[in-house]
Amino acid sequence: MNPLVLRYRRWKRQLRDLAGYVHLDPNANRIVRKTNFTDCQKPVLLLYGFFSTRRVFEVLEHRLRRDGYCVWSIHLGGAMDRFNTYGIDVLARKVREKVERMYTRFPGMGPLTIIGHSKGGLIGSYYVKRLGGDQRVRSLITLGTPHRGSRLAYLGCATLGWFSRSMWQLTPVSPFLKELRTGAFPCGVRLVSLYSRDDGVTPWPSAMVDMEGQANVFNLEVPGVGHGELLTRRAVYEVIRRELALGYGEPAPVLRMLPQPASAS
């Protein structure tokens, strides 16, 4: 097929995924608090991605709550007090402050699991690896997270980079990501990166993490899923549920089609 046609189709898919991912609702970070933290043995913190809001987690939150997890999220602020445009390291420090405040207020809470979508996974990774989050966190599950940067971030730098430092942090040549990848991931925390080759925002292999010599780090492919669909597809949730169970030392549910661990190369 003509290379220009292939390139056009790839960019069309990326723009479609991006359009479906961005939420512009000014009230999208206003949520009803439903979690009882006084009896919270399996807390799960949800971190959303760039130019998004907590509203993207509606389906995932409902499923997790139904399955007995104490679900919560953090308003990450940003442009117009929403949309998650601040630097990854800045937001990771905000996560640390909120987490410590929660454990001070509810000391009986169990070990934490973080699920981060897109940029949210990098916020969680920085918190765990650079800010002592491994003392609180049992597992980190990332969904479509550009651990190696995303070429789409270059477009963001050209349009949004003047007010969003995180756009520069998300590029494939980012010194920030290079530094974050330096050194082993804390051995006491299970890190799982879920990715799809059909993700137009974080195209393969951008979401791959280095597993070499790290028995607690995994890459799992979920085929045929777009960037936003990582939060809503039933098949993806079954994988998330399995990884949560493994992280909490519970019997893992049997998947109808178990994703194959992928090489980091």
Side-chain angles (χ1 to χ4, degrees), residues 11 13-29 31 45-58 60-61 73-95 98 114-128 130 140-181 193-196 198-204 206-209 225-232:
W11 276 101
R13 184 175 70 248
Q14 289 178 332
L15 290 174
R16 183 191 65 227
D17 283 357
L18 187 60
Y21 170 63
V22 172
H23 281 218
L24 300 177
D25 183 352
N27 298 313
N29 275 311
I31 61 172
L45 172 61
L46 305 177
L47 299 176
Y48 55 91
F50 179 81
F51 229 73
S52 190
T53 64
R54 290 192 279 186
R55 186 68 56 83
V56 299
F57 288 127
E58 282 182 325
L60 178 59
E61 181 175 349
S73 59
I74 294 174
H75 175 29
L76 298 174
M80 296 179 286
D81 195 37
R82 57 185 184 275
F83 303 143
N84 190 358
T85 54
Y86 294 140
I88 294 166
D89 47 335
V90 172
L91 292 173
R93 292 185 181 93
K94 182 172 186 176
V95 168
K98 294 284 187 178
I114 294 178
I115 300 177
H117 182 232
S118 200
K119 175 187 170 184
L122 292 173
I123 296 170
S125 181
Y126 192 91
Y127 164 60
V128 170
R130 298 287 183 251
L140 171 62
I141 302 172
T142 68
L143 311 175
T145 290
H147 293 282
R148 301 185 182 187
S150 172
R151 292 188 300 273
L152 200 60
Y154 291 126
L155 176 62
C157 290
T159 55
L160 305 171
W162 61 276
F163 72 87
S164 176
R165 174 168 160 255
S166 66
M167 272 288 88
W168 302 96
Q169 293 177 323
L170 292 169
T171 64
V173 296
S174 161
F176 175 84
L177 290 184
K178 181 178 179 181
E179 190 279 332
L180 182 55
R181 291 195 300 270
S193 175
L194 270 60
Y195 71 95
S196 173
D198 294 288
D199 186 337
V201 176
T202 306
W204 184 86
S206 300
M208 306 289 277
V209 290
V225 179
H227 195 66
E229 292 176 316
L230 287 162
L231 295 170
T232 58

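Atom set for the values below is all heavy atoms of this structure, side chains included, hydrogens, waters and symmetry mates excluded.
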- Between H117 (side chain) and L46 (backbone), is there a donor-acceptor pair under 3.5 Å? no
- Query: Can any side-chain N or O of S206 pair as donor or acceptor with the backbone N or O of R148 at less than 3.5 Å?
  - Reply: no
- Task: Using the test side chain to side chain donor-acceptor pair (under 3.5 Å), find all partners of R93 that sit at least two apart in sequence or belong to another chain.
- Result: none
How long is the gap from [atom1] on [X] to [atom2] on [Y], to the nearest 0.5 Å?
X    : Y    : atom1 : atom2 : result
S73  : Y48  : OG    : OH    : 7.5 Å
L45  : L140 : CG    : CG    : 10.0 Å
T142 : L194 : OG1   : CG    : 7.0 Å
L60  : L230 : CG    : CG    : 10.5 Å
E61  : R54  : CD    : CZ    : 9.0 Å
L47  : I141 : CG    : CD1   : 12.0 Å

Any idea which heavy atoms bring [X] and [Y] closest together, and the distance?
X    : Y    : answer
E179 : R130 : O-NH2, 2.7 Å
Y86  : L76  : CD1-O, 3.7 Å
S118 : G49  : CB-CA, 4.2 Å
P203 : R151 : CG-NH2, 4.1 Å
A207 : Y195 : CB-CB, 3.6 Å

- Query: So D198 and V225, side-chain contact (heavy atoms from CB on, under 4.5 Å) or not? Walk me through it.
  - Reply: CA-CA 6 Å; D198 294 288; V225 179; 5.9 Å; no
Find out whether [X] and [Y] are in side-chain contact, i.e. whether some heavy atom of one side chain is under 4.5 Å from a heavy atom of the other.
X    : Y    : result
I74  : L91  : no
M208 : S193 : no
Y126 : F176 : yes
L180 : I88  : no
T202 : P146 : yes

- Chi angles and distances behind the side-chain contact (heavy atoms from CB on, under 4.5 Å) call for I123, I114: CA-CA 10 Å; I123 296 170; I114 294 178; over 6 Å; no
- Message: Run the side-chain contact (heavy atoms from CB on, under 4.5 Å) test against K178 and tell me which residues pass, sequence neighbours left out.
- Response: R181
- Item | Donor + acceptor pair across side chains of H147, S125 (<3.5 Å) | no
